[in-house]
Amino acid sequence: MGVGVSIFFLTLGAILRFAIEPDVFGKSVHMDIIGLIFMIVGGIGVILSIVLAPKRGRTSDDRLMHRENNPPEI
């Protein structure tokens, strides 16, 4: 999950938590709890994206490729 998706989850969670009445869909669905869960998932995603970004950006530039200028003999 990238930083963009994590920020989307944070935003969606904040909207569900603070902007929508908790009993819009009746008593059985608690939108404020669902919003809190989305905000927690988004926060964990942002933290993991930042922590794991340096490891993902590494490439294997340390390899040495050796080519011969002579074509293979048949």
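Treat the numbers as computed from the prediction; the structure is a model and nothing was measured.
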Under 3.5 Å, side-chain donor or acceptor atoms of residues 28-40 against the rest of the protein: list the pairs with distances, not counting sequence neighbours.
none

Nearest-0.5 Å distance that lies between atom OG1 in T11 and atom CG in L16: 11.0 Å
Shortest non-hydrogen contact from S49 toward V3: CB-CG2, 3.6 Å
